[in-house]
Amino acid sequence: MSSTPRDMSTYTPMMQQFLEIKAQYPHTLLLYRMGDFYETFFEDAQIAARELEITLTSRDGGGGQRVDMAGVPHHALEAYLPKLIGRGYKVAVCEQMEPPQGGGKLVRREVVRVITPGTLLEGAMLHEKKPNYLGAVYRFREGFGLAYVDISTGDFRMTEMRGENAADMLVRELAGLELAELVLPCEDPWQAKAVQLTEWADIVPDPALVSWEHQSAFEARSAEERLKKHFGVVSLESFGAQHSPLGIAAAGGILHYLAQTQMSALKQIQRLQSYQISQFMLLDKTTRRNLELTSTYRESSYEGSLLWVLDQTRTAMGGRLLRDWMTHPLLAAQAIESRLNAVEELFADALLREEIRDALDGIRDMERLAARVATQSANPRDLKSLAVSVTRLPQIANLLGHTRSALFEPLRHTDDTLQDLGHHILQALVDSPPPKIQEGGIFADGFQAELDELRQLIRGGKDWIKDLEQTERERTGVKSLKVGFNKTFGYYIEVTHANRDEVPEDYVRKQTLTNAERYITPGLKEKEAAVLNADEQIKKLEYQLYVQLRDSVLPFVPVLQQLSLAVAQLDALASLAEVAVQQHYVRPVIVDAPRLNLINSRHPVIEKTLHRGRFVPNDAQLVAQQAHLMILTGPNMSGKSSYMRQIGLITLMAQMGSFVPAEHAEIGICDRIFTRVGAVDDIATGQSTFMVEMMETSNILHHASVRSLVLLDEIGRGTSTFDGVSIAWSVSEYLAQQIACRTIFATHYHELNRLAEKMPGIMNYQVSVQENSDGIVFLHKVVPGGADRSYGIEVARLAGLPGAVLERAKDLLQDIEKRSRIQSGLLKKARQQATAEDEVQQLSFFE
Ligand code: ADP
Ligand code: MG
């Protein structure tokens with residue numbers, strides 16, 4: 001059996017056709033339509049058989065050679081695709097472009113779409129509340145252009161980064177987007193992937209995501225022309241994109257890639273949104289992970305993330321937008337306030353909020369439905385969902401009539417023509433329309449005269465056939481005579497063998513069964529033909545009518561997309577308001593100075609997982625350049641990490657426009673939140689080494705500004721104690737003096753408490769514990785002052801270490817402490833004897 005192609009001329013014409021098409025799509029798995037099946041051949045067949053768990057067979061490839069083959073029924077394609085795409089394969093769907101020709105003539109075939117991870121339209125393969133982005137990056141000298149698109153919604157955006165931090169910014173932005181696929185320019189798309197990747201190694205998040213496109217697709221002039229042509233504009237000014245040549249190159253590259261894979265007009269892509277990285281708070285990958293924004297650190301589960309707490313949206317669009325807001329916190333006070341204003345209105349009016357959320361409940365994913373209309377893939381069910389959603393809008397407009405927030409404006413009025421269209425669709429379709437468009441049964445009675453007539457004809461014919469049983473029983477006197485239908489023979493009259501003699505002359509025998517004969521009559525055949533004919537006509541007619549109806553929605557795609565965004569916004573804001581009420585949040589006061597003042601603040605996730613009232617609230621006051629560095633000590637498990645994350649989360653929530661878990665919150669806008677989680681905590685994921693820890697610390701020291709928030713959890717633990725303390729100490733000094741931004745440094749090294757005496761702006765805090773006869777009780781309360789001991793043995797006792805081990809450890813500790821007292825006594829003596837000033841300083845440094 002052969003799996004690798006040989007000399008073309010030895011193959012059958014069909015195999016030649018397959019190989020020619022395959023040569024045009026070498027990086028794909030080619031699904032070749034043959035009648036009711038999609039077949040794969042050669043290596044593709046082996047892959048398909050393995051990945052889809054289907055049988056590998058073979059067929060004659062010409063010259064007596066067998067060729068591997070594996071196929072799936074055409075109607076099952078949607079069920080099989082997710083497996084292939086999920087494994088990272090690209091799938092080229094090759095259809096028959098004309099009816100079978102007969103006489104063994106080869107049917108013309110073409111690839112109608114290449115499905116890749118970043119170009120999905122099918123609902124089953126998409127995550128409801130998550131975008132599916134295809135990205136492209138273009139590099140020119142120091143700068144980068146970035147564009148990305150979700151073709152299931154039409155969301156298309158671009159930006160560019162320049163200057164020495166460009167690569168850094170790009171990497172961060174890519175991490176936040178969680179792309180499904182990344183297109184990169186290269187000189188030769190056929191070349192081996194590994195070779196090409198070397199050039200991009202510094203920015204590519206995951207080599208498996210990458211697809212290659214010839215760099216000419218990114219060439220500035222042609223990219224711009226392609227964009228202008230797609231949007232039908234003479235200049236890209238209306239998108240604010242004219243000054244971003246690198247972004248344009250990336251966006252043009254994407255359009256080119258889409259043209260090659262989608263072979264459609266891409267009408268769902270109606271605009272290009274140009275943005276600046278500097279509009280949003282910078283969040284690097286580690287911070288996203290450490291703050292557990294969309295999934296938890298250890299289990300990567302959604303439950304337990306911030307989004308899990310905040311997402312109470314009622315629509316998929318709202319869910320996607322809320323995620324977007326969370327991963328792109330704002331920097332402009334005005335924009336933040338405008339969201340907070342809207343949240344407050346919905347927060348304050350319980351009835352309004354409830355009614356709005358109820359109304360949103362009936363709205364389906366208009367954004368993706370509109371995209372399906374644009375790509376002409378919307379089925380009758382989709383169209384009905386869209387119409388139902390549209391006709392809900394007046395109710396929402398009504399509810400928003402007396403509100404003030406500017407963000408609700410786009411929904412306060414409804415468009416009459418759109419409403420008419422919605423009602424028209426609802427009247428046209430049957431109550432529960434089918435998902436298929438070729439089988440009829442789509443339109444309600446009374447929608448169209450010709451259709452009604454045909455249906456009447458069928459009903460008449462069927463009635464006649466039904467009555468036939470009665471009349472024939474009377475005519476022949478055979479009581480058990482039956483009229484039936486089967487797919488091969490159509491309608492028939494069935495008479496048992498026992499009554500064979502009663503059969504009249506005009507019956508024509510058609511089929512013999514074990515105990516009965518089946519007959520037809522000319523009259524029956526005639527009716528049958530009429531019924532079947534009418535049925536065919538109905539299917540054809542309904543198909544035409546449906547395509548017309550669907551295309552009548554096309555001009556509304558842009559307005560539907562705008563409305564979808566407005567609905568998503570309302571939904572996200574209402575969700576924030578709902579959560580704020582349920583969880584007793586407060587509106588943060590946004591200030592334009594680098595300070596932070598939280599009174600009785602809580603951790604949004606932990607408080608939700610604990611029993612009501614069990615979470616201990618805490619304050620936090622930080623002012624850049626004055627009282628900015630908090631050294632936080634306390635035993636293991638006392639709550640240091642939780643406290644720090646809580647402050648990061650509250651800041652981020654405020655900047656996404658959310659209320660926050662506190663009694664009072666004043667938040668100066670942060671340009672970035674940096675987090676660093678210590679080696680000890682990291683070990684579970686096996687990723688942390690001292691090197692990584694130091695790289696992350698270095699990143700913070702290089703990039704933090706006075707407007708940043710820095711959260712350091714245990715620095716210097718990955719090495720020996722003296723090394724560790726020294727590094728922690730000097731990092732703190734640098735942060736306190738050189739950057740002076742809001743910083744919390746949680747540490748086991750209570751030596752660091754000495755820093756507060758030596759340097760202005762540093763404060764000691766500890767998470768308090770109560771000691772009693774049985775050991776310690778965690779109070780989870782952050783109070784001023786440094787902890788003077790670590791309570792390691794007490795925590796070990798809580799963990800159930802054997803008594804003997806604990807006693808021995810206690811003895812050892814006492815011994816070590818005694819020695820250290822003697823040492824420090826010697827030190828004191830030495831200091832008294834020291835003469836030079838700097839000698840004194842050296843000796844008392846870590847004391
Ligand atoms: P540390 O970093 O000091 O070792 P963690 O922050 O990991 O401690 O907290 C340990 C546990 O204490 C957490 O699992 C959390 O459930 C609980 N906890 C932390 N802070 C509080 C609080 N303020 N109120 C109630 N429980 C808390
Ligand atoms: Mg900790």
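As the structure lists them, so they are numbered: ligands from 1, and atoms in each ligand from 1.
Distances from the Mg ion (ligand 2) show that Asn636 has no N/O/S atom below 2.8 Å.
Residue Pro635 places a heavy atom less than 4.0 Å from ligand 1. Ligand 1 is never approached by Gly634 to a heavy-atom distance shorter than 4.0 Å.
A salt bridge links Asp361 with Arg314: the distance from a Lys NZ or Arg NE/NH1/NH2 to an Asp or Glu carboxylate oxygen falls below 4.0 Å. The existence of a salt bridge linking Glu292 and Arg645 is excluded, since no basic side-chain nitrogen approaches an acidic carboxylate oxygen closer than 4.0 Å. Asp349 has no carboxylate O lying under 4.0 Å from a charged side-chain N of Arg353, or vice versa, which leaves the two without a salt bridge.
Contact atoms of ligand 1 toward Leu610: 25 (C), 26 (N) (distance under 4.0 Å to a heavy atom of the residue). When each atom of ligand 1 is checked for a heavy atom of Arg614 under 4.0 Å away, the hits are 25 (C). Each of the atoms 5 (P), 6 (O), 9 (O), 19 (C), 20 (N) of ligand 1 lies under 4.0 Å from some heavy atom of Ser642. Distances below 4.0 Å separate heavy atoms of Gly639 from the following atoms of ligand 1: 1 (P), 3 (O), 5 (P), 6 (O), 8 (O), 9 (O), 19 (C), 20 (N).
Among Arg645, Met644, His780, Lys640, the residue whose heavy atom lies closest to atom 22 (C) of ligand 1 is His780. When the heavy atoms of His748, Glu714, Met637, His603 are ranked by distance to atom 4 (O) of ligand 1, first place goes to Met637.
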- Message: Under the criterion side chain to side chain contact (heavy atoms under 4.5 Å, CB included), I'd like the reasoning laid out for Tyr148 against Glu173: C-alpha separation, chi angles, the key distance, then a yes or no.
- Response: CA-CA 11 Å; Tyr148 49 94; Glu173 190 67 4; 4.2 Å; yes
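A side-chain contact (heavy atoms from CB on, under 4.5 Å) with Met161 holds for exactly one of Leu170, Asp168, Val171; it is Leu170.
Residue Val616 has at least one nitrogen or oxygen atom sitting less than 3.5 Å from a nitrogen or oxygen atom of ligand 1, judged on distance alone. Close N/O approach between Ser641 and ligand 1 is found [any backbone or side-chain N/O within under 3.5 Å]. An N or O contact shorter than 3.5 Å is missing between Phe615 and ligand 1 by distance.
Between Lys129 and Thr313, the side chains place a donor N or O and an acceptor N or O closer than 3.5 Å (distance only, hydrogens not considered).
Without hydrogens or angle criteria, Thr651 side chain to Ile667 main chain gives no donor-acceptor distance under 3.5 Å.
Ring-plane geometry between His328 and Tyr275 is classed as perpendicular, the angle between the planes exceeding 60 degrees on a 0 to 90 degree scale with a lower cut at 30.
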